[in-house]
Amino acid sequence: QVQRAESGGGWVQPGGSLKLSCAASRGSCSRWSMARYRQAPGKQRELVASITSGGGSRTYADSVKGRFTISRDNAKNTIYLQMNGLQPDDTAVYYCNRAPPMNDWWGQGTQVIVSS
């Protein structure tokens with residue numbers, strides 16, 4: 001099973017930016033479409049963005065279009081999520097998983113808090 005390390009979360013003021021990383025510490029993610037998901041307090045987990053194995057196609061939730069950018073570096077087995085223009089509604093735990101997700105791939109995620 002591929003093990004992943006997620007990083008880059010934290011606290012940021014509205015309008016700020018963060019860049020999340022999801023690095024495979026064992027195994028490779030390069031052959032799969034990957035995605036970032038998030039779960040806000042009291043809400044269901046939702047898809048934020050996805051990227052195909054070669055990086056040629058990306059999709060975004062309407063709520064983040066124009067603000068977030070998903071990318072990948074297969075040589076480094078790493079998925080990135082650049083988040084700009086963060087708003088309080090973006091506060092959530094962000095997860096990295098395949099697209100579509102695999103139940104045994106859900107990790108602890110990384111917390112993002114957007115607050116003044």
Side-chain angles (χ1 to χ4, degrees):
Q1 182 180 1
V2 178
Q3 293 185 350
R4 290 141 294 120
E6 301 193 43
S7 62
W11 171 82
V12 65
Q13 291 186 333
S17 298
L18 286 173
K19 186 172 185 177
L20 306 183
S21 297
C22 171
S25 57
R26 188 177 71 182
S28 173
C29 300
S30 62
R31 54 181 166 160
W32 294 304
S33 292
M34 296 294 295
R36 300 302 300 227
Y37 304 81
R38 70 184 180 186
Q39 187 167 19
K43 296 185 178 181
Q44 289 188 331
R45 190 175 291 158
E46 63 175 350
L47 173 68
V48 175
S50 65
I51 186 168
T52 52
S53 58
S57 181
R58 311 173 194 190
T59 61
Y60 298 92
D62 287 343
S63 59
V64 306
K65 281 181 182 177
R67 300 188 297 123
F68 290 11
T69 302
I70 191 169
S71 60
R72 67 192 301 162
D73 185 336
N74 284 340
K76 296 181 178 179
N77 277 319
T78 302
I79 310 298
Y80 302 100
L81 184 68
Q82 177 67 46
M83 305 186 295
N84 299 326
L86 284 161
Q87 299 301 319
D89 283 350
D90 296 315
T91 294
V93 178
Y94 285 72
Y95 300 90
C96 177
N97 202 324
R98 288 171 57 175
M102 301 293 288
N103 284 336
D104 59 355
W105 273 53
W106 294 115
Q108 293 185 339
T110 185
Q111 176 77 58
V112 172
I113 299 174
V114 185
S115 174
S116 55

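- Using a 4.5 Å cut-off between side-chain heavy atoms of Ile, Leu, Val, Met, Phe, Trp and Tyr, with links allowed through other members, Y94 and M102 fall into the same hydrophobic cluster.
- The main-chain N or O of G55 is never found under 3.5 Å from a side-chain atom of R72 such that the two would form a donor-acceptor pair.
- When side chains are defined from C-beta on, Y95 does not count as touching L20, because their heavy atoms never get closer than 4.5 Å.
- Considering CG of L81 and OG of S21, their distance stands at 9.5 Å, rounded to 0.5 Å.
- When side chains are defined from C-beta on, N74 does not count as touching R31, because their heavy atoms never get closer than 4.5 Å.
- Counting all heavy atoms, side chain and backbone alike, P14 lies closest to S116 at CD-N, 3.7 Å.
- Nearest heavy-atom pair, L47 versus A35, reported as atom, atom and distance to 0.1 Å: CD1-CB, 3.6 Å.
- Considering only heavy atoms from C-beta on, W105 comes within 4.5 Å of M34 through its side chain.
- Residues R38 and S63 have side chains in contact (heavy-atom distance under 4.5 Å, counting atoms from C-beta outward).
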Kindly determine whether Q13 and L86 satisfy side chain to side chain contact (heavy atoms under 4.5 Å, CB included), including the steps that lead there.
CA-CA 8 Å; Q13 291 186 333; L86 284 161; over 6 Å; no
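- Ring geometry, Y37 versus W106: the interplanar angle exceeds 60°, so the pair is classed perpendicular (tilted spans 30 to 60°).
- The shortest distance between side-chain heavy atoms of V64 and M83 does not fall below 4.5 Å.
- The shortest non-hydrogen separation linking Q108 to V93 is O-CG1, 3.6 Å.
- Looking only at distances, no side-chain donor or acceptor of R58 sits under 3.5 Å from a matching main-chain atom of T69.
- The two residues Y80 and D73 come nearest to each other via the heavy atoms CE1-CB, 4.0 Å.
- Annotation for K76 and T78: closest pair O-OG1, 2.8 Å, computed over non-hydrogen atoms.
- Remark: S7 OG to K19 NZ distance equals 10.5 Å, nearest 0.5 Å.
- Pairing each heavy atom of S53 with each of S30, the nearest pair is CB-O, 3.4 Å.
- Listed for the Q111 side chain is a donor-acceptor partner under 3.5 Å among the backbone atoms of A92.
- A distance of 3.5 Å separates OG in S17 from CG in N84, rounded to the nearest 0.5 Å.
- A continuous path of ILVMFWY side-chain contacts below 4.5 Å connects Y60 to I51, so both sit in one hydrophobic cluster.
- Side-chain contact between R36 and T110 is present, with heavy atoms from C-beta onward closer than 4.5 Å.
- Using modelled atom types, no side-chain atom of E46 and backbone atom of Q44 make a donor-acceptor pair closer than 3.5 Å.
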